[in-house]
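Data block below; observations after.
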Amino acid sequence: MHEATIAKSILEIVSKQIAKTPGALRALQVHVVAGQFRNVDRESLEFAFDSLKMLDQRTSGCELHLEMPSAIALCRDSQHAYHPCYQQAYCCPLCGSGIGKLVSGEELDVVNVSLETVLHEEQKDHARVIR
Amino acid sequence: MHESSDEHMLERILNNNEDLAAHNRDHFDAAGLLCINLMSAPGAGKTSLLERSLLDLSKHWQCSVIEGDMVGELDADRLRKLGVDVSQISTGKSCHLDAQMVARVLHSKALDKLDYLFIENVGNLVCPADFPLGEHKRVVLLSVTEGDDKPLKYPVIFHNCDVVLFTKCDLLPYVNFSVARATQYVQDLNPRAQCFAVSIVTGQGIDDWLNWLSSAYLQSQKNMPVSI
């Protein structure tokens with residue numbers, strides 16, 4: 001579902017982080033979590049990301065670490081925590097009742113950006129002293 | 001000397017659309033109207049449902065429509081014949097409406113004079129689910145010719161809606177569709193969704209749908225911010 005739009009949004013967040021981090025040179029990795037109930041296709045997103053990141057040399061070396069956890073729901077009748085899946089019509093494997101509450105599965109977030117930074121001059125002096 | 005640093009965060013992706021949707025919603029709340037986002041696969045009967053609904057509603061309420069189609073104004077023209085204000089958004093190659101497209105047409109509407117604003121989304125059971133527009137209620141149509149297993153195949157849109165309408169129920173004798181089974185699939189995904197079996201041809205379920213619209217409107221009036 002619109003993986004190019006999602007990739008563009010991820011890269012905007014990465015670029016914004018580079019801009020506001022003192023000494024940041026480029027992005028090394030971005031960690032994204034996409035829940036089961038967000039219609040994201042892994043291959044399409046990876047393809048779109050690897051294509052769009054090349055438009056900016058600050059992101060061209062950035063690796064996408066994409067985590068796609070299974071959703072967790074509490075079932076309607078017994079509040080048992082389970083992973084809702086198509087094969088079981090999204091129902092609880094123990095009691096057969098449906099989703100009472102979706103605890104997780106709708107995330108689409110950037111949770112970490114790793115940046116290459118250059119130490120500030122004062123920090124370099126301090127590092128020399130420590131050694 | 002180069003180092004690497006980890007910047008831990010929790011930043012929503014696609015937050016631009018969500019922020020714009022919230023902004024649209026603020027306009028709707030300030031105007032005191034109820035906004036409904038109608039979604040379905042192509043041909044499930046969104047425009048026909050709107051035609052039938054507006055016949056009744058426009059007698060007593062001020063209604064307006066935002067019509068989303070990739071090309072053309074055929075659906076908008078059908079609704080304009082009822083004397084209702086309709087704004088057409090031609091999305092081109094985009095298979096869903098987004099909050100920015102809706103925001104652009106709002107300035108042409110006298111929102112504070114409206115009671116209901118219907119948004120007929122582009123026919124698609126996938127993408128509209130992920131692009132809120134600022135609506136108060138999401139209504140998904142599933143026609144009986146599409147198969148009762150569609151909630152299983154498209155869980156996201158059915159999990160996130162307020163109402164599911166099983167349309168074209170006059171065709172039930174000719175298709176292998178169980179309203180009970182489809183209802184069960186929906187409610188196992190979404191316990192808060194209300195399901196109605198409707199037919200524009202026979203009138204089945206239309207009163208229930210109109211009653212739901214009326215209740216939703218009255219409820220929204222209680223939730224509106226009070227202007228001082």
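Numbered from 1 within each chain, the chains take letters A, B, ... in sequence-line order. Side chains included, hydrogens not; waters and symmetry mates left out as well; all remaining heavy atoms used.
In this structure, chain B has a heavy atom under 4.5 Å from the side chain of A:Glu106, while its backbone stays farther away. Only the side chain of A:Gln17 comes within less than 4.5 Å of a heavy atom in chain B; its backbone stays farther off. Proximity to chain B is absent for every atom of A:Val33, based on heavy atoms less than 4.5 angstrom apart. For A:Glu12, the part lying near chain B is the side chain, with the backbone staying farther off; criterion is any non-hydrogen pair under 4.5 Å. When heavy atoms are compared at a cutoff of 4.5 Å, A:Leu115 approaches chain B by way of both its backbone and its side chain. Interface remark: B:Asn160 contributes side-chain atoms only to the contact with chain A (heavy atom separation under 4.5 Å).
Taking all atoms of both residues into account, the shortest heavy-atom contact from B:Leu14 to A:Ser9 is N-OG, 3.0 Å. Nearest heavy-atom pair, B:Gln187 versus A:Arg76, reported as atom, atom and distance to 0.1 Å: O-NH1, 4.3 Å. Summarising the geometry of B:Phe131 relative to A:His2, their closest heavy-atom pair is CE1-CD2, 4.0 Å, with the distance given to 0.1 Å. Heavy-atom minimum distance, B:Met9 versus A:Asn112: CG-N, 4.1 Å. Residues A:Gly100 and B:Pro191 share a closest heavy-atom pair of O-CG, 3.7 Å. Nearest heavy-atom pair, A:Ala89 versus B:Asp188, reported as atom, atom and distance to 0.1 Å: O-CB, 4.2 Å.
Side-chain contact between B:Val156 and A:Arg38 is absent, with no heavy-atom pair separated by less than 4.5 Å. At least one side-chain heavy atom of A:Asn39 sits less than 4.5 Å from a side-chain heavy atom of B:Val126. Contact annotation: the side chain of B:Pro155 approaches that of A:Phe37 to within less than 4.5 Å [non-hydrogen atoms, C-beta and beyond].
Once rounded to the nearest 0.5 Å, the distance linking OG1 of A:Thr5 with CG of B:Asp98 reads 9.0 Å. Atoms CG and CG, from A:Leu108 and B:Asp130 in turn, are 7.5 Å apart once rounded to the nearest 0.5 Å. How far CG of B:Asn15 is from CD1 of A:Ile13: 5.5 Å, rounded to the nearest 0.5 Å. In this structure, CG on B:Asp6 lies 8.0 Å from CD on A:Gln29, to the nearest 0.5 angstrom. Remark: B:Arg192 CZ to A:Ile99 CD1 distance equals 11.5 Å, nearest 0.5 Å.
Counting non-hydrogen atoms of other residues, nucleotides and ligands closer than 6.0 Å to NE2 of B:His23 gives a total of 12 or fewer. Within 6.0 Å of the NZ atom in A:Lys8, the count of heavy atoms belonging to other residues, nucleotides or ligands does not exceed 12.
Note: B:Leu189 leads B:Asn190, B:Leu10, B:Leu189, B:Asn16 in heavy-atom pairs under 4.5 Å with chain A.
The only option from A:Thr117, A:Leu25, A:Leu28 that meets the side chain to side chain contact (heavy atoms under 4.5 Å, CB included) definition with B:Ser4 turns out to be A:Leu28.
Using a 4.0 Å cut-off between a side-chain N of Lys or Arg and a carboxylate O of Asp or Glu, B:Glu11 and A:Lys16 qualify as a salt bridge.
Interface residues of residues 45-63 of chain A toward chain B, defined by a heavy-atom distance below 4.5 Å: none.
Aromatic ring centres of A:Tyr90 and B:His159 lie farther apart than the 6.0 Å criterion allows.
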Test side chain to side chain contact (heavy atoms under 4.5 Å, CB included) applied to A:Val110 and B:Ile13, step by step
CA-CA 7 Å; A:Val110 169; B:Ile13 297 164; 4.0 Å; yes

